[in-house]
Each structure stands twice: as structure tokens, then as C-alpha cells.
There are 2 protein chains.
Amino acid sequence: MNEMPHILVVDDHREIRAAVTRYLEKNGMRATAAQDAAEMDAKLATGHFDLIVLDVMMPGEDGLSVCRRLSGEGGTPILMLTALGQDTDRIVGLEIGADDYLPKPFNPRELLARIKAILRRAGRSEPLAGRLAGKKVRFAQWVLDSDRRVLIDGTGQETALTGADFKLLTVLLERARLVLSRDQLMDLTAGRRAPPLDRTIDNQISRLRRKIEQDPMQPRLIVTVRNGGYSLAADVEVTDG
Amino acid sequence: MNEMPHILVVDDHREIRAAVTRYLEKNGMRATAAQDAAEMDAKLATGHFDLIVLDVMMPGEDGLSVCRRLSGEGGTPILMLTALGQDTDRIVGLEIGADDYLPKPFNPRELLARIKAILRRAGRSEPLAGRLAGKKVRFAQWVLDSDRRVLIDGTGQETALTGADFKLLTVLLERARLVLSRDQLMDLTAGRRAPPLDRTIDNQISRLRRKIEQDPMQPRLIVTVRNGGYSLAADVEVTDG
DNA sequence: AAGCAGTTGATACATTCCGCGACAAAACTC
DNA sequence: GAGTTTTGTCGCGGAATGTATCAACTGCTT
């Protein structure tokens with residue numbers, strides 16, 4: 001993780017908000033606070049967050065409702081804060097789509113550990129403006145200049161990428177060696193769900209291969225996993241501009 | 001996930017093992033039990049698991065140690081079971097690489113919810129070649145380039161492998177000289193259970209032999225163990241790209 | 001507006017892969 | 001050596017994948 005993760009803390013108690021944000025910031029993270037669901041929505045609309053720390057008990061729309069709403073969108077991971085002993089709440093929370101919960105009162109060190117655990121597992125929540133923005137990415141014989149959206153080979157020769165090429169390649173690079181299904185790729189590149197029998201991703205892969213593979217007939221960088229999807233088979237190294 | 005997730009339950013108490021596996025199986029999962037670290041290793045070597053439920057307190061190698069060891073390989077997610085009130089243990093566990101913990105005694109329904117949460121988070125994104133990813137593997141007269149999924153012999157001649165060839169060979173190489181049953185191979189290569197009388201693995205072995213054996217009529221590399229399965233009979237040496 | 005170039009998604013077709021069933025061959029039992 | 005079980009492998013066909021081609025769309029230029 002080259003960037004500081006950005007955490008949104010939603011709680012109606014001023015002291016808790018302040019304490020938590022301060023603690024997170026002391027420990028290498030960005031933290032932003034919101035005092036209720038409405039303020040949370042406003043912050044979410046205008047920025048990117050890697051995780052939401054969400055109090056269950058709040059005036060207005062409560063935590064469970066928020067959780068249900070957000071997890072439907074499949075977006076940001078959620079860590080719920082529950083009142084002590086509310087066994088039901090926390091189980092329901094997990095079933096609804098929270099990624100974890102922590103009973104209040106909690107140990108700040110434990111909160112931090114849990115946040116890190118979720119971020120480590122989630123690994124994936126950044127829209128590509130994040131990790132690779134403005135960076136050069138070296139993989140196989142190529143260097144991707146993600147500012148200019150251009151590929152450069154060893155001899156300095158440049159290959160132009162279209163928007164879709166670039167997005168797909170970026171998604172693959174950020175998840176090198178993982179097998180990504182067509183659905184996941186569709187979701188990550190276009191933000192939409194693929195109808196059954198859709199061949200859009202195959203097409204896009206084919207086009208990308210034509211540009212980056214030495215021999216597109218025998219792809220070595222983007223390998224096909226039958227019944228699985230595609231996978232980028234190379235080590236990637238991210239360097240600053 | 002078109003398949004039931006497979007959970008490995010590691011605990012030294014017979015009743016807990018039995019209760020947990022039974023509960024998981026009632027709720028749409030496959031579950032396998034191990035009573036200590038050694039048995040766990042054996043199961044891990046011969047089967048595929050989506051998650052490990054791991055007791056901290058065990059005779060022999062303890063949970064924390066196991067956790068540290070496994071999470072280094074970046075492999076299977078871990079849910080740790082801790083004794084009540086062992087605040088330190090659980091925090092350390094999370095920091096070491098467990099994905100979650102649950103204090104004993106626990107509510108089975110909560111265990112299930114947590115397992116589901118982890119599986120959902122982890123998704124099905126798996127590395128294609130496990131710990132051989134990006135490595136070159138030398139065995140007998142061959143070198144397997146696991147990035148390109150190609151076999152190279154002493155003269156530089158290349159032999160292409162299909163997805164199934166490659167997966168099967170990788171599984172065998174990672175467990176050289178172990179005898180693997182057809183069921184285990186099916187599980188490890190395809191992640192599914194073989195119906196009785198299924199000959200899929202035999203076919204796959206046959207196809208692979210045609211590619212890697214000097215004389216496919218008298219196989220030396222992949223030997224048949226009657227009533228047992230198959231075994232790779234060669235020393236393997238893994239080197240970096 | 002109209003024309004144009006470039007990009008993207010859809011459709012159609014060719015190709016490859018691999019699961020399955022069938023039968024042959026081999027190994028083992030008695 | 002006959003019968004039984006286990007393994008080897010052939011060929012088929014459904015399904016998954018690769019990609020050529022075309023249509024729709026976008027953004028520019030004139």
C-alpha cells in the first residue's frame with residue numbers, strides 16, 4: 001500500500017469521532033469524520049474512502065440501515081461499532097454486509113488492527129485514480145506511463161492505448177497474478193454488470209493482447225483461465241514518475 | 001461461487017471439532033477437521049481449502065505460530081478462535097495475519113456469519129499457480145516456465161501446455177513424490193468433487209503424459225499407483241525467473 | 001450540420017479445450 | 001488361465017474462447 005488509506009468515521013458522539021480520527025491519523029492513515037448518515041453521504045459523494053467505521057446507534061438513519069444500503073452497492077468495506085452485548089445487532093450486521101464489528105467500548109489498538117486486517121484483505125477498493133495515478137509501472141518488457149496512458153518498450157518505442165485498453169490493463173496490473181472473472185473485470189473496468197453471454201471482455205482482451213503481447217497467438221502476459229477468467233502473469237513494479 | 005466452500009477446522013478438542021464441522025456442513029459448506037498443526041499440514045498438502053478455522057491454544061505448534069507461518073505464504077484466509085478475554089492474543093493474531101478472530105465460547109451462528117463475511121471479502125480471486133507463480137521449475141529434463149505456462153527441454157525446445165495440463169502439472173510438482181488420489185487431484189485442480197467412476201483425471205493424466213513423457217507408453221515421470229492414484233517421480237528445483 | 005477518424009460493443013463464425021462414455025489393455029485374484 | 005478390477009486412451013460433442021467484421025457512438029474538423 002503506497003498510499004495512506006482514507007477512513008471515514010461515522011459516529012454521533014463528538015468525543016468518539018475526535019478520538020478515533022486522531023488515533024488513526026497518528027498511525028499512518030487519513031481520517032475524516034461525519035456525525036450522521038446524511039453527512040456521511042455528502043462525504044462519500046465527494047471523495048474516495050477505503051473503509052467506513054460506522055456506529056450502529058445513531059439519530060436519523062441508523063447504522064444497520066446504512067450498512068444494508070451501502071453493501072448493496074458492493075463498494076467500500078464497513079466496520080461497525082456496536083453497543084456492548086448487542087449480540088443480535090452484530091450478527092445481523094455481518095449478515096447484512098458489514099465486514100467486521102467491534103463492541104464498544106473498544107481498545108483503539110484493536111480498532112487499528114481490525115482496520116488493517118480488512119484493508120489487507122480487501123486490497124481492491126481503489127478506483128484507478130488511486131494507486132497507479134501518476135506512476136510508472138514496469139512489467140515484463142514494458143513500462144506503462146499512466147499519466148500519458150502510453151506503453152514504452154525497452155527501445156523507447158511507444159504504443160498508444162485507448163481508454164478501454166488502459167483501464168483494463170490497469171485493473172490487471174493492480175491485481176497481478178490473480179485470476180479475475182469476466183464479471184469482475186466488467187465490474188472493475190466499466191462499473192456495470194455483464195449480461196450472460198456477453199463477450200465484451202473477451203474482445204477487449206483480444207485487442208489489448210494485440211498491443212502488448214509479443215506473439216498474440218500465444219499470449220504470455222495475459223493468460224486465459226478456462227472457466228475462470230484472465231490473469232496477468234508478470235511481476236509488476238511501481239515507481240514514481 | 002458455484003461450489004461449496006471448503007473449511008478446515010483445526011482444534012484439539014474432539015467435541016468442538018465435531019460440533020463445528022457438523023454445523024458448517026448443515027449450512028452449505030464442506031468441512032474437514034484436524035486436531036493439531038501436523039494434521040493440518042497434511043490436509044493442506046493434499047486438498048484445497050477456502051478458509052481455516054484455527055484454535056489458538058493447541059498442544060504442539062500453537063495457533064499464533066501456525067498463523068504466522070501460513071499468512072507469510074499469502075494463502076488461505078484464517079479465522080482464529082481465542083480463549084475468552086485473551087485481549088492480547090487476538091490483537092496479536094490480527095496483526096500477524098489472521099483475517100478475523102472469535103472469542104470462545106462462541107455462537108455457531110456468529111461463526112458462520114464471520115466465515116461468510118471473510119469468504120465474501122476474499123472473493124474467489126486466487127493466484128493461478130500458487131507458490132510457483134512466476135518461478136521456473138526444473139525437474140527431470142524439463143524446465144517449467146510458470147509465467148508463460150510452457151515447458152522447455154534441454155535444447156530450448158518449447159512445449160505448450162493447456163490450462164488443465166498446467167494446473168495438473170503444477171499440483172503434482174508442488175507435491176512431488178506424494179501419492180495423490182484421483183479425488184484429491186480433482187479437488188486440487190478443478191476444486192470439485194469427482195462423481196464415482198469419473199475418468200476425468202485419468203484422461204488428463206494421459207494427455208499430460210503425452211506431452212512430458214519421453215515414452216508415454218512407459219511413463220517415468222508420472223507414475224501410476226494402483227488403487228492409490230498418481231505420483232510425480234522426480235526431484236524438483238524451484239528457481240526465480 | 002455533415003463528414004471523418006477512432007473507439008467500443010455486438011454478432012457471427014472458427015477454433016480449441018476438456019468432460020464423458022466406450023472399449024482395450026494391463027494388473028490382480030483365485 | 002478365466003474372471004474381475006483397475007487403468008489407458010480414443011473419439012465425440014458441448015462449451016468456452018479468439019477474433020473478424022460491422023454498427024453505433026464520440027469527438028473533431030470543416
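Chain letters run A, B, ... following the sequence lines, proteins first and then strands; every chain starts at 1.
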Measure [atom1]/[X] against [atom2]/[N] and give the value in whole Å, please.
| X | N | atom1 | atom2 | result |
| --- | --- | --- | --- | --- |
| B/Asp165 | C/dT16 | CG | C1' | 12 Å |
| A/Gln218 | C/dC17 | CD | C1' | 15 Å |
| B/Lys167 | C/dG19 | NZ | P | 13 Å |
| B/Asn227 | C/dA27 | CG | C1' | 10 Å |
| A/Leu208 | C/dG9 | CG | P | 13 Å |
| A/Asp198 | C/dT8 | CG | C1' | 12 Å |
| B/Leu168 | C/dC17 | CG | C1' | 15 Å |
| B/Ile201 | D/dT9 | CD1 | P | 15 Å |

Would one find a side-chain N or O of [X] under 4.0 angstrom from OP1 or OP2 of [N]?
| X | N | result |
| --- | --- | --- |
| B/Arg182 | D/dT7 | yes |
| A/Ser206 | D/dT19 | yes |
| B/Thr200 | C/dC20 | yes |
| A/Arg207 | C/dT7 | no |
| B/Tyr230 | D/dT6 | no |

side-chain contact (heavy atoms from CB on, under 4.5 Å) partners for B/Arg175, two or more places apart: B/Val171, B/Leu178, B/Leu180, B/Leu188
Taking atom types as modelled and ignoring hydrogens, do the side chains of A/Asp153 and A/Thr155 form a donor-acceptor contact shorter than 3.5 angstrom? yes
Selected nucleotide, minimal atom distance to [X] side chain, candidates [options]:
| X | options | result |
| --- | --- | --- |
| B/Gln204 | C/dG19, D/dT9, D/dA16 | C/dG19 |
| A/Thr162 | D/dG18, D/dT6, C/dT7 | C/dT7 |
| B/Met217 | D/dT9, C/dG9, D/dT19 | D/dT9 |
| B/Arg210 | D/dC10, C/dC23, C/dC18 | D/dC10 |

Would you give the length of the straight line joining atom CG of A/Leu79 to atom CG of A/Asp100, rounded to the nearest 0.5 angstrom?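 With rounding to 0.5 Å, CG (A/Leu79) is 5.0 Å from CG (A/Asp100).
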Sorted by position of nearest nucleotide on DNA chain C, 5' first, the leading residue of B/Arg226 and A/Met186 is A/Met186
Heavy atoms of other groups near B/Gln214 CD, more than 12 under 6.0 Å: no
Should we count CD of B/Gln141 as having more than 12 external heavy atoms under 6.0 Å? yes
Would you call A/Arg220 and B/Asp145 a salt bridge, using N to O less than 4.0 angstrom?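 Result for this pair is no, no salt bridge flagged.
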Quick one: does [X] reach the base of [N] with a side-chain donor-acceptor pair under 3.5 Å?
| X | N | value |
| --- | --- | --- |
| B/Arg209 | D/dG8 | no |
| A/Asn203 | C/dA10 | yes |
| A/Arg199 | D/dG18 | yes |

